[in-house]
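In what follows, a single structure is set out as structure tokens and then discussed.
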Amino acid sequence: MNSPKIVDKLVKVYPHDESDDWILLHFEFQAAYRENFRERMYTYFYRLMDKHKKRISAYAILTEATPKYRPNVFERRFLGTELKYQYNTFKITDPTDEELFSSENPFAIAIIAARITGKCRNVKNIQKRDQLKKDLKIDLIKHLFSRMLSQKTTRALLHFITFYVLFELEETKAIFDKELQFLTKNKPNMGIEEHIAEIYKERGIKLGIKEGKIEGKIEGKIEGKIEGKIEGKIEGKIEGKIEVKKELAYHLIYNLGYTENRAAEALKVPLTFIKRLRKKETLAL
């Protein structure tokens, strides 16, 4: 049996303390919980420690729909020798909707989106299940637009909401697209990025912001209080990161039952990308 060698995300950080030394933050995303997950986390830890000899803090992000408690300690005892490894965990089912919708952290919107499928899984009728997904997605997009985040952040979150929660029926997707067009007051042939650009162009004009400043950053001042940048990044860097593609693939295959070919088509990635992820999951078992 081969042990895991590749972590999902490893971040090198320079802490604000007296030390000039850097630390490591290890993030592991898990859509389908496995019994050997705690041992895997420990394996990652001792290999990172052996290689880098640095302080390490590990975080397991559990995106499964069940609220079932998952222990975060790996222990071994034998003839007076003991080992205990404990890591941080975050389950997307833990925060309440009220906490997430009131949070100022843009990443809370991504968590709400990731929970939509779980909220719909007990609806047996496929049409009603898709209808509920569509309503929840539209409500969340309305909330996103009301937040007045930067264009870059809004674009990344809208992409995440659109492609993380997929519809089972083509007709539901068509209805969703029409409602999104109405919501953004754009022409049917406009894509998501064009929708967002138009929204920020309109808001930029109302706020006295030059059109040329809309892309990437919203510059200037709003009511004399906001200078320079308005939240240019989302924690975790949702947009375009391979970790998100991996998590989406796990979600489609293990939570929604997609085949490898269908998951690759939905995510617009090569089939080899999906096969490598499946192989990694198999080797980790």
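Keep in mind it's a predicted model, so treat the numbers as computed, not measured.
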* Asked: When the ring centroid of Tyr85 is compared with that of Phe45, is the distance short of 6.0 Å?
  -> yes
* Do His26 and Tyr59 have ring centres separated by under 6.0 Å? -> no
Side-chain touch [X]/[Y], heavy atoms, less than 4.5 angstrom:
X      : Y      : result
Ser57  : Leu24  : no
Lys137 : Phe167 : yes
Pro106 : Leu157 : yes
His52  : Trp22  : yes
Thr96  : Leu100 : no
Pro95  : Phe101 : no
Gln30  : Thr63  : no
Glu260 : Leu271 : yes

* Asked: What do the steps show when you test Asp135 against Gln131 for side chain to side chain donor-acceptor pair (under 3.5 Å), and what is the final call?
  -> CA-CA 6 Å; Asp135 292 342; Gln131 175 69 33; 3.1 Å; yes
Could you tell me whether a side-chain N or O of [X] sits under 3.5 Å from a main-chain N or O of [Y], the two making a donor and an acceptor?
X      : Y      : value
Thr153 : Leu149 : no
Asn36  : Glu39  : no
Asp8   : Phe29  : yes
Asn72  : Gln86  : no

* Is the NZ or CZ atom of Lys68 both under 6.0 Å from the centre of the six-membered ring of Tyr33 and within 45° of that ring's axis? ->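 The answer is no; the distance or angle limit is not met.
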Same apolar cluster (I L V M F W Y, side chains within < 4.5 Å links), [X]/[Y]:
X      : Y      : value
Met41  : Val73  : no
Leu136 : Ile175 : no
Leu83  : Ile56  : yes
Tyr14  : Leu10  : yes

Taking all atoms of both residues into account, what is the closest heavy-atom pair of [X] and [Y], and its distance?
X      : Y      : value
Ala65  : Gly118 : CB-CA, 3.6 Å
Glu64  : Ala31  : CB-O, 3.4 Å
Lys133 : Val165 : CD-CG1, 4.3 Å
Leu158 : Leu144 : N-CD2, 3.9 Å
Ile138 : Leu180 : CD1-N, 4.3 Å
Phe176 : Ile141 : CZ-CD1, 3.7 Å

* Residue pair Lys173, Leu169: steps toward the side-chain contact (heavy atoms from CB on, under 4.5 Å) verdict -> CA-CA 7 Å; Lys173 182 179 182 302; Leu169 302 174; over 6 Å; no
Gap between atom [atom2] of [Y] and atom [atom1] of [X] - 0.5 Å precision:
X      : Y      : atom1 : atom2 : answer
Glu99  : Ser103 : CD    : OG    : 9.5 Å
Ile126 : Cys120 : CD1   : SG    : 12.0 Å
Gln127 : Glu168 : CD    : CD    : 9.5 Å
Leu140 : Ile116 : CG    : CD1   : 5.5 Å
Lys53  : Leu48  : NZ    : CG    : 11.0 Å
Thr172 : Arg129 : OG1   : CZ    : 10.0 Å

* Determine, stepwise, if the pair Leu62 / Phe37 fulfils side-chain contact (heavy atoms from CB on, under 4.5 Å). => CA-CA 11 Å; Leu62 307 178; Phe37 182 69; 4.2 Å; yes
* Could you give me the CA-CA distance, side-chain angles and deciding distance for His143 and Ile109, then say whether side-chain contact (heavy atoms from CB on, under 4.5 Å) is met? => CA-CA 9 Å; His143 172 69; Ile109 297 176; 4.1 Å; yes
* Hey, are Lys134 and Asp139 close enough for a salt bridge, meaning a charged N less than 4.0 Å from a carboxylate O? ->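 A salt bridge is absent here (no side-chain N lies under 4.0 Å from a carboxylate O).
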* Could you tell me whether Glu82 and Arg76 make a salt bridge, using a distance below 4.0 angstrom between a side-chain N and a carboxylate O? =>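 Salt bridge between Glu82 and Arg76, a charged N being under 4.0 Å from a carboxylate O: no.
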* Around Lys51, counting heavy atoms of other residues, nucleotides and ligands shown, do more than 12 lie under 6.0 Å from its NZ? -> no
* Heavy-atom neighbours of Tyr69 OH exceed 12 at 6.0 Å -> yes
* To do: May I have the step-by-step check of side-chain contact (heavy atoms from CB on, under 4.5 Å) for Tyr44 and Arg40, ending in yes or no?
  => CA-CA 6 Å; Tyr44 291 136; Arg40 282 175 48 201; 3.5 Å; yes
* Structure fact -> Only one of Lys12, Lys54, Arg55 passes salt bridge (charged side-chain N to carboxylate O under 4.0 Å, His left out) with Asp21, and that residue is Lys54
